2 protein chains.
Amino acid sequence: MSRERVTVIDIANAAGVSKSTVSLVLQGSSLVNETTRAKVNAAIRELGYVYNRGAANLRQANAKSKIVGMVVNDLTNSFFAELAVGIDSVMQSAGYVQFLANTGENIDRQREVIASMREHGISGLIISPARGTEAADFGGLANAGIPVVLAVRNVPGARVSSLTSDNHAGAAASVAHLAKLGHRRIAFLGGFPDTAVFTERFMGYRDALFDAGLDFDADLAIGAAPSRAGGVEAIERAMRLATPPTAAVCFNDAVAFGACDGLRSRKIEPGSEFAVVGFDDVIEAKTAVPALTTVSVDPQGMGRRAAQLLLKQINSGTAEPEALVKSVRLVVRQSCGTGIQGGVR
Amino acid sequence: MSRERVTVIDIANAAGVSKSTVSLVLQGSSLVNETTRAKVNAAIRELGYVYNRGAANLRQANAKSKIVGMVVNDLTNSFFAELAVGIDSVMQSAGYVQFLANTGENIDRQREVIASMREHGISGLIISPARGTEAADFGGLANAGIPVVLAVRNVPGARVSSLTSDNHAGAAASVAHLAKLGHRRIAFLGGFPDTAVFTERFMGYRDALFDAGLDFDADLAIGAAPSRAGGVEAIERAMRLATPPTAAVCFNDAVAFGACDGLRSRKIEPGSEFAVVGFDDVIEAKTAVPALTTVSVDPQGMGRRAAQLLLKQINSGTAEPEALVKSVRLVVRQSCGTGIQGGVR
DNA sequence: TGACAAATTTGGAACGTTCCAATTATCTCC
DNA sequence: GGAGATAATTGGAACGTTCCAAATTTGTCA
């Protein structure tokens with residue numbers, strides 16, 4: 001079974017040339033004669049040779065490996081799965097292969113996998129950092145000149161590139177839309193206050209309330225896990241208030257779906273009787289009933305863009321950090337209804 | 001920025017020992033004196049040394065790399081994302097790092113990524129193969145003695161291990177449960193007939209109809225994309241039949257959710273007025289409204305098991321293929337109602 | 001045909017590690 | 001204090017590739 005490894009020397013012997021010539025063929029050099037090239041390629045097929053990138057990479061110590069790392073905080077969240085797919089598609093086309101690690105918000109795991117990936121010779125890293133990640137966690141990479149792109153979540157003080165979405169503008173657009181529909185009591189549901197993403201969306205919500213001439217009521221800002229279950233919990237709390245809201249801007253789509261579930265179990269129909277807006281535009285948002293009004297972030301597109309940014313940095317060699325903010329778009333569907341006048345039956 | 005690489009020789013010089021000693025320290029050998037070890041470790045920290053696994057692996061050509069490959073056909077499907085997370089957790093704990101590639105059912109991409117991973121020296125591969133994968137696609141790996149585990153989908157004739165779930169039993173259990181609730185017209189919705197998974201589930205459906213003394217009606221078997229949109233489409237077609245079904249077994253949860261959406265837009269309440277059963281038990285099944293009755297496959301558990309199987313094969317060296325079938329469990333929730341008598345209002 | 005240029009091919013060193021056999025330092029015990 | 005054993009350390013070869021400078025072959029032209 002596990003036969004001896006076929007090396008470039010075996011090919012050389014079989015084809016009756018030197019290993020240098022074989023190497024030249026492997027690199028597609030134009031220096032080698034067509035007939036020799038054919039002979040060598042035949043031998044390669046014949047013997048089932050497999051190129052050893054590890055060895056190649058060892059020799060050309062200056063050159064970069066065709067490996068990048070990808071670290072995400074929660075792959076079970078389909079937002080990040082889509083992000084990964086976007087990255088994957090660009091990296092595959094560029095001839096890269098990628099390590100993937102899921103940290104599950106565990107900082108120690110994150111440190112370990114980054115270290116492990118470094119030992120394996122990644123030439124770049126895209127990471128959606130776990131909560132509590134510090135700038136120092138990228139110190140080693142930055143120091144070695146390995147470019148890092150922070151995706152989705154930023155880390156204050158880190159001297160690396162980042163690609164985030166315009167959370168402030170997205171939340172503000174949601175509030176503005178709801179206000180225009182006539183809502184005066186708009187809740188903000190879900191999310192943990194210790195992340196930059198939360199802060200940005202929440203600030204967008206507050207600022208837009210102000211711009212619309214509405215008061216901010218702290219009771220209407222209800223933190224909860226950024227999950228479907230968290231959404232159920234948050235809407236429950238909101239509807240038990242003395243004067244409950246008539247609309248909610250949710251931290252993300254999962255929370256929004258949870259809010260819809262919670263409303264239904266209270267016999268309130270989301271969309272017609274209560275307006276719900278999400279954030280992220282996950283794939284199910286379009287087909288859900290009611291279809292979810294949400295802020296479209298296009299995670300696949302974001303992944304592609306993060307990958308392109310990383311490739312640019314890898315190729316340029318200069319690791320000049322760059323901070324990109326991806327613009328965002330409110331997609332109006334059924335879940336926010338058509339206005340408070342028509343909505344209340 | 002990108003300073004010179006620190007090697008084991010630099011450490012040796014800094015610590016005043018030979019590179020061999022440093023190597024010994026790196027491997028945690030008990031042959032080295034405690035004080036020397038401390039000196040070396042200090043130098044390692046001091047200089048920011050990073051172990052080069054590529055070089056190490058090149059030397060010990062017999063030994064295996066700590067890298068495995070993971071190839072999935074559709075990472076945007078949360079079933080596979082969960083599978084990946086399960087694999088990841090076991091592999092991380094075992095000190096492995098994994099390549100991930102998403103094929104999107106594209107066979108050529110799949111071939112490319114497998115080849116690329118091989119060049120990078122994986123010591124094992126877990127793959128949920130794209131539609132149309134042939135046994136020959138694993139020939140190279142098998143030949144080189146690199147173990148392969150097929151997850152979720154099997155490939156006929158492939159001399160590699162596999163881990164599938166008991167699709168036949170799962171579908172049969174769903175039908176049996178619905179029959180016991182009094183349903184006589186049970187549809188089978190969604191899925192493409194050219195996969196083994198489809199065949200198994202469909203056969204389970206047919207066989208269980210027979211066991212329950214019900215007729216098989218070809219009109220009630222409606223193929224469609226295994227997605228939420230496919231579910232909407234399938235249920236539409238089903239409800240336009242002269243005598244529509246009162247219950248549906250769906251190819252997977254995505255189809256089931258789509259079916260619920262489709263029912264709602266026809267003002268039929270899934271759960272109370274129409275029974276829907278899914279397959280997979282994705283994470284949202286529990287929190288959806290109505291909570292989805294489905295066949296639990298526990299994709300994370302499946303991923304963990306696939307990873308363990310692969311590790312076993314890597315360590316044993318003998319690549320004796322093994323075919324595991326993971327048992328499966330019907331989780332009864334609200335979406336299948338409580339019986340046809342109470343259900344029809 | 002001889003001389004020179006261009007095209008092609010080649011051996012050996014190097015990359016950063018591990019392994020082996022061999023060397024050197026340290027103990028132990030009488 | 002010295003022999004023998006044990007503990008600790010070490011130089012060099014090897015892994016599979018690429019790169020360099022040099023060697024060889026082929027082609028061109030007077």
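Convention: sequence-line order gives letters A, B, ...; per-chain numbering from 1. Since we're looking at a predicted model, the values are computed, not measured.
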Donor + acceptor pair across side chains of B:Ser128, B:Asn73 (<3.5 Å):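 Short answer, yes.
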
Side-chain N or O of [X] less than 4.0 angstrom from OP1 or OP2 on [N]?
| X | N | answer |
| --- | --- | --- |
| B:Gln27 | C:dT17 | no |
| A:Thr21 | C:dT10 | yes |
| B:Gln60 | C:dC19 | yes |
| A:Ser23 | D:dT18 | yes |
| A:Thr36 | C:dT9 | yes |
| A:Asn33 | C:dT8 | yes |

Candidate nucleotides [options], ranked by approach to the side chain of [X] - the nearest:
| X | options | answer |
| --- | --- | --- |
| A:Leu24 | C:dT18, C:dG16, C:dT9 | C:dT9 |
| A:Ala56 | D:dG16, C:dT9, D:dT18 | D:dT18 |
| A:Ser20 | C:dT9, D:dC19, D:dA13 | D:dC19 |
| A:Val8 | D:dT17, D:dT10, C:dT17 | D:dT17 |

Donor-acceptor pair present, A:Ser18 side chain and C:dG11 base, under 3.5 Å: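 A donor-acceptor contact between them is absent.
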
Check: D:dT17 base within 3.5 Å donor-acceptor of A:Arg59 side chain: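 In this structure, the two groups form no donor-acceptor pair.
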
Round to the nearest Å and state the distance from [X] atom [atom1] to [N] atom [atom2].
| X | N | atom1 | atom2 | result |
| --- | --- | --- | --- | --- |
| B:Tyr51 | C:dG16 | OH | P | 14 Å |
| A:Asn13 | C:dG11 | CG | C1' | 14 Å |
| B:Lys19 | C:dG16 | NZ | P | 13 Å |
| B:Asn57 | D:dT17 | CG | C1' | 14 Å |
| A:Leu47 | D:dG16 | CG | P | 14 Å |
| B:Glu34 | D:dA7 | CD | C1' | 13 Å |
| A:Glu119 | C:dT17 | CD | C1' | 13 Å |
| B:Leu58 | C:dG16 | CG | P | 12 Å |

A:Arg305 side chain near A:Leu324 side chain, heavy-atom distance below 4.5 Å: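 Side-chain contact under 4.5 Å: yes.
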
Touch class at under 4.0 angstrom, heavy-atom based, for A:Thr7 against every strand present: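 Sugar-phosphate contact only.
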
Salt bridge flag under 4.0 Å for residues A:Arg109 and A:Glu112: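 Salt bridge absent between A:Arg109 and A:Glu112.
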
Ionic contact status for B:Glu82 with B:Arg304, cut-off 4.0 Å: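 Salt bridge between B:Arg304 and B:Glu82, a charged N being under 4.0 Å from a carboxylate O: no.
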
Polar side-chain atom of B:Asn57 near backbone of B:Arg53 as donor-acceptor pair, under 3.5 Å: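 No; judged by distance alone, with no hydrogens or angles, the pair does not exist.
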
For the student: nearest non-hydrogen atoms of A:Ala94 and A:Leu311, plus distance: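 Looks like CB-CD1, 3.7 Å.
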
